[in-house]
**Student:** 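Right, I'll just put the structure down here and ask away after.
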Amino acid sequence: MKRIRLAALFSATILAVPRALPQAPPPALRELSSSFENLAAQVRPAVVQIFSTGYAPAEESDSGANTALLTRQTSTGSGVVLDSNGYIVTNNHVVQGARKIEVKLPASNPVHAPEMTVTAKLVGVDRESDLAVIKIDRTGLPTLALGDSNQLRQGQLVMAFGNPLGLEGSASLGIVSSTGRQIKTDDPRMFIQTDAPINPGNSGGPLVDMEGKLMGINTFIFTQSGGSEGLGFAIPSRTVRTVYDQIRKEGHVHRGHIGVSVQSVTPMLAKGLSLPQDWGVVVSDMEPDGPAKDSGLKIGDLIKSLNGREMENASEFENAVFRLGLDQTVDLAVIREGKAVQVSVPVQERKDDAQRFADMVNPEDNLVEKLGILVIELNDELAEKLPELRHDFGLVVAARSSAAPYSGPAFEPGDVIYEINRVPAVSVKLLRDTLDHMKPGDSAVLQIERDGRLMFMPIELE
């Protein structure tokens, strides 16, 4: 009986103990979750999906052979609406060489309303920063405000939005891993590094702070697996603003320079040059007719600051110059032979990258197969983008094959062809016709202009 009573008592005791019920999350956690939800709801309507079809420069094989100048490609990426009248910023590599661009707009209510796909036109691209602006014929669109990427701090929470692997309207969370990451030592561009998961398809999408301001445009990742490994990189909003404003105003970007080359100061350099410190930036060269030389800067000057901002190394200096506008003047504080000197240098426009012409061609209209080049007939618009030319006619070389189908020197992008065997090259058709009347083994002499100089280019057809 005692055993039975004890067992009954034990059972009753167990039944009397209240079961553990799921606890509500702490108020702070609920508030944090709600803030992320509200942020996503604020940002997502301004993020679009982009589909582009066109031509892009062909990649060389391991052997170096390249049988085509351009290949047809279809790509998808993301974009951000910055103006309610349909102006969208994205990466240049998302729309590079595109002959057709379509934008898929997020529905106001993804569950009950259909999404819309509309055709977009290209406003302009900047190959150097990998940014592009496109426009759709819509008004009243939700937009994102540009923030100031200089205000970002390491460890700050950020969210990345886009369409990774085609999954529309995705969001991910992370922190700022680095506020100014230089990928290559000779590249003046700086990127925001984040561990927020970014995958193919996120390119062109926004990286936003906790206020929903656009701090960067997601651009690329470092990966060994092909997917996100916590090494994502975004173009800072300060660069985005500069490029976006110029493309909207003029269709392209004017980029300035001050005609100076610099190096980072090392202890060995400091000792050999008798510099007062073993860090910073030293002037190593200047263009003979450049603005820096005309302003009194000298080789060997130690640059302490640029427009009041202390310069710690050459990368920081190059990046600061990279973002300068053409209407600015650079105030440099330098040390020369132990004395403080102030130098003011006007910013001047530098030549554009000749590779920019590759975005303006397609194989059907511009290929000269027997020379392995893509050319564009010179017009007023092209002439404005080139230094003063000798003639008002000619064919501008936009791209060339790595394996030329002739024997002789290679063309370079930006070359202007004026004649072939003394026949003026006034059109792509005329150049093709002249070459078609020639046989393998025949010689041809082309007159071209390169970097402001005329030269003859002898070749032998194969």
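Positions are given from 1 along the sequence.
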**Student:** Answer yes or no: is there an ion pair linking Glu316 with Arg309, defined by an N-O contact shorter than 4.0 Å?
**Tutor:**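 A salt bridge is present here (some side-chain N lies under 4.0 Å from a carboxylate O).
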**Student:** Got a second to check how far Leu302's CG is from Gln277's CD, nearest 0.5 Å?
**Tutor:**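 These two atoms lie 5.0 Å from each other.
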**Student:** List the steps and the verdict of side chain to side chain donor-acceptor pair (under 3.5 Å) for Glu31 and Ser35.
**Tutor:** CA-CA 6 Å; Glu31 185 177 344; Ser35 67; over 6 Å; no
**Student:** Checking Ser34 side chain against Arg30 main chain: does a donor-acceptor pair fall under 3.5 Å?
**Tutor:**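 Between the backbone of Arg30 and the side chain of Ser34 there is a qualifying donor-acceptor contact (under 3.5 Å).
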**Student:** Look up atom CE in Met215 and atom CG in Asp148, then write down how far apart they are to the nearest 0.5 Å.
**Tutor:**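 One gets 6.5 Å once the value is rounded to the nearest 0.5 Å.
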**Student:** Taking atom CD1 of Ile448 and atom CD of Glu412, what is their separation to the nearest 0.5 Å?
**Tutor:**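 Between atom CD1 of Ile448 and atom CD of Glu412 there are 8.0 Å.
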**Student:** If you measure from CG on Asp83 to CG on Leu144, what distance do you get to the nearest 0.5 Å?
**Tutor:**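 So the gap between those two atoms works out to 12.5 Å.
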**Student:** Are Thr143 and Val81 side-chain neighbours, meaning at least one heavy-atom pair lies under 4.5 Å?
**Tutor:**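 SC-SC contact between Thr143 and Val81 confirmed.
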**Student:** Taking the side chain as C-beta and beyond, is there a heavy-atom pair between Thr90 and Ile217 under 4.5 Å?
**Tutor:**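 Of all side-chain heavy-atom pairs linking Ile217 with Thr90, none is under 4.5 Å.
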**Student:** Testing the basics here: between Ser264 and Ala314, what is the closest heavy-atom pair and its distance to 0.1 Å?
**Tutor:**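 Shortest heavy-atom separation between Ser264 and Ala314 comes out as OG-N, 2.9 Å.
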**Student:** Run the side chain to side chain donor-acceptor pair (under 3.5 Å) test on Asp331 and Ser344 for me, step by step, so that the C-alpha distance in whole Å, both residues' side-chain angles and the decisive distance to 0.1 Å come before the verdict.
**Tutor:** CA-CA 5 Å; Asp331 294 322; Ser344 294; 2.7 Å; yes
**Student:** For Glu449 and Leu389, indicate whether the former's side chain and the latter's backbone hold a donor-acceptor pair under 3.5 Å.
**Tutor:**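 Not at all, since once roles are kept as given, no pair shorter than 3.5 Å links the two residues.
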**Student:** Could you check if a side-chain atom of Asn199 sits within less than 4.5 angstrom of a side-chain atom of Leu167, using non-hydrogen atoms only?
**Tutor:**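 Sidechains of Leu167 and Asn199: no contact.
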**Student:** When you measure from the side chain of Thr219 to the backbone of Ala234, do you find a donor-acceptor pair of N or O atoms at a distance under 3.5 Å?
**Tutor:**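 Side chain of Thr219 to backbone of Ala234, a donor-acceptor pair under 3.5 Å: no, none is there.
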**Student:** Taking all non-hydrogen atoms of both residues into account, name the closest pair between Ser149 and Pro236 and its distance.
**Tutor:**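 Looking at all heavy atoms of both residues, the shortest contact is OG-CB, 3.4 Å.
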**Student:** Is the shortest heavy-atom distance from the side chain of Val133 to the side chain of Tyr244 under 4.5 Å?
**Tutor:**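 Sidechains of Tyr244 and Val133: in contact.
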**Student:** Heavy-atom distance under 4.5 Å between the side chains of Val208 and Phe161, does that happen here?
**Tutor:**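 Val208 vs Phe161: side chains touch.
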**Student:** Under a 3.5 Å distance rule, please check whether Thr194 uses its side chain to pair with a backbone N or O of Ile175 as donor and acceptor.
**Tutor:**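 Present.
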**Student:** Please report the closest heavy-atom contact between Val428 and Leu395, naming both atoms and the distance.
**Tutor:**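 Reported closest heavy-atom pair: N-CD2, 3.8 Å.
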**Student:** Please give me the minimum heavy-atom distance between Ser237 and Gly147, naming the atom from each residue.
**Tutor:**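 Closest pair (atom of Ser237, atom of Gly147, distance): OG-O, 2.8 Å.
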**Student:** Please tell me if the side chains of Ile134 and Leu122 come closer than 4.5 Å, counting only heavy atoms from C-beta onward.
**Tutor:**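 Ile134 reaches Leu122 side chain to side chain.
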**Student:** Would you call the rings of Tyr418 and His391 parallel, tilted or perpendicular, where under 30° means parallel and over 60° means perpendicular?
**Tutor:**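 The rings of Tyr418 and His391 stand perpendicular, inter-plane angle above 60°.
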**Student:** Does any part of the side chain of Ile258, heavy atoms only, come nearer than 4.5 Å to the side chain of Val347, both counted from C-beta?
**Tutor:**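 The answer is yes; the side chains approach within 4.5 Å.
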**Student:** Counting N and O atoms only, with roles assigned by atom type, does the side chain of Glu102 sit under 3.5 Å from a partner on the main chain of Thr119, one being a donor and the other an acceptor?
**Tutor:**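 Checking the backbone N and O of Thr119 against the side chain of Glu102, no donor-acceptor pair under 3.5 Å is found.
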**Student:** Taking all atoms of both residues into account, what is the closest heavy-atom pair of Ile221 and Gly232, and its distance?
**Tutor:**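 Closest approach of Ile221 to Gly232, heavy atoms only: CG2-CA, 4.0 Å.
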**Student:** Between Asn91 (side chain only) and Leu131 (backbone N and O only), is there a donor and an acceptor less than 3.5 Å apart?
**Tutor:**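 Pair absent, no side-chain N/O of Asn91 close to backbone of Leu131.
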**Student:** Taking 4.0 angstrom as the limit, do Lys104 and Glu168 come out as a salt bridge?
**Tutor:**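 Salt bridge flag = no for Glu168 with Lys104.
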**Student:** Tell me, with the steps shown, if Met159 and Val43 meet side-chain contact (heavy atoms from CB on, under 4.5 Å).
**Tutor:** CA-CA 10 Å; Met159 289 187 75; Val43 172; over 6 Å; no
**Student:** If you take all heavy atoms of Gln42 and Gly212, which pair is closest and at what distance?
**Tutor:**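 The answer is NE2-CA, 3.8 Å.
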**Student:** Can you tell me if Ser261 uses its side chain to pair, donor with acceptor, with the backbone of Ser284 under 3.5 Å?
**Tutor:**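 Side chain of Ser261 to backbone of Ser284: no pair is present.
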**Student:** For the atom pair NE2 (His93) and OG (Ser75), what is the distance rounded to the nearest 0.5 Å?
**Tutor:**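 Going from the NE2 atom of His93 to the OG atom of Ser75 covers 8.0 Å.
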**Student:** Between Asn366 and Leu374, is there a donor-acceptor pair closer than 3.5 Å when you use the side chain of the first and the backbone of the second?
**Tutor:**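 No, because the side chain of Asn366 does not come within donor-acceptor range (under 3.5 Å) of the backbone of Leu374.
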**Student:** Go through the steps for Leu214 and Leu82 under the test side-chain contact (heavy atoms from CB on, under 4.5 Å), then give the verdict.
**Tutor:** CA-CA 10 Å; Leu214 189 148; Leu82 293 186; 4.3 Å; yes
**Student:** Is it true that the NZ or CZ of Arg248 lies under 6.0 Å from the centre of Tyr87's six-membered ring and within 45 degrees of the ring axis?
**Tutor:**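 Geometry flag: set, cation within 6.0 Å and 45°.
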**Student:** With side chains defined as the heavy atoms from C-beta onward, is the minimum distance between Arg99 and Thr53 less than 4.5 Å?
**Tutor:**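 Arg99 does not reach Thr53 side chain to side chain.
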**Student:** Going through the distances and angles, do Asp130 and Arg189 end up as a salt bridge (charged side-chain N to carboxylate O under 4.0 Å, His left out)?
**Tutor:** CA-CA 11 Å; Asp130 193 19; Arg189 296 176 300 170; over 6 Å; no
**Student:** Checking Val334 against Val283 for the side-chain contact (heavy atoms from CB on, under 4.5 Å) test, could you report, in this order, the C-alpha distance in whole Å, the side-chain angles of both residues, the deciding distance, and whether it holds?
**Tutor:** CA-CA 10 Å; Val334 306; Val283 178; over 6 Å; no
**Student:** Is the number of heavy atoms from other residues, nucleotides or ligands under 6.0 Å of Lys293 NZ greater than 12?
**Tutor:**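 Atom NZ in Lys293 is not packed in, count stays at 12 or less.
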**Student:** Is there a donor-acceptor contact under 3.5 Å from the side chain of Arg241 to the main chain of Leu146?
**Tutor:**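 Here the side-chain-to-backbone pair exists.
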**Student:** State the CD1-CD1 distance between Ile335 and Ile303, to the nearest 0.5 angstrom.
**Tutor:**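 Reported value, rounded in 0.5 Å steps: 11.5 Å.
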**Student:** Mark yes or no for whether Asn163, through its side chain, and Val48, through its backbone, hold a donor-acceptor pair below 3.5 Å.
**Tutor:**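 At least one qualifying donor-acceptor pair exists.
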**Student:** Under the criterion side-chain contact (heavy atoms from CB on, under 4.5 Å), which of Asp209, Ile192, Leu207, Leu157 is the partner of Val176?
**Tutor:**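 Per the side-chain contact (heavy atoms from CB on, under 4.5 Å) rule, the option paired with Val176 is Ile192, out of Asp209, Ile192, Leu207, Leu157.
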**Student:** Does the side-chain contact (heavy atoms from CB on, under 4.5 Å) test come out yes or no for Met311 and Lys304, once each step is laid out?
**Tutor:** CA-CA 6 Å; Met311 294 287 105; Lys304 293 284 291 181; over 6 Å; no
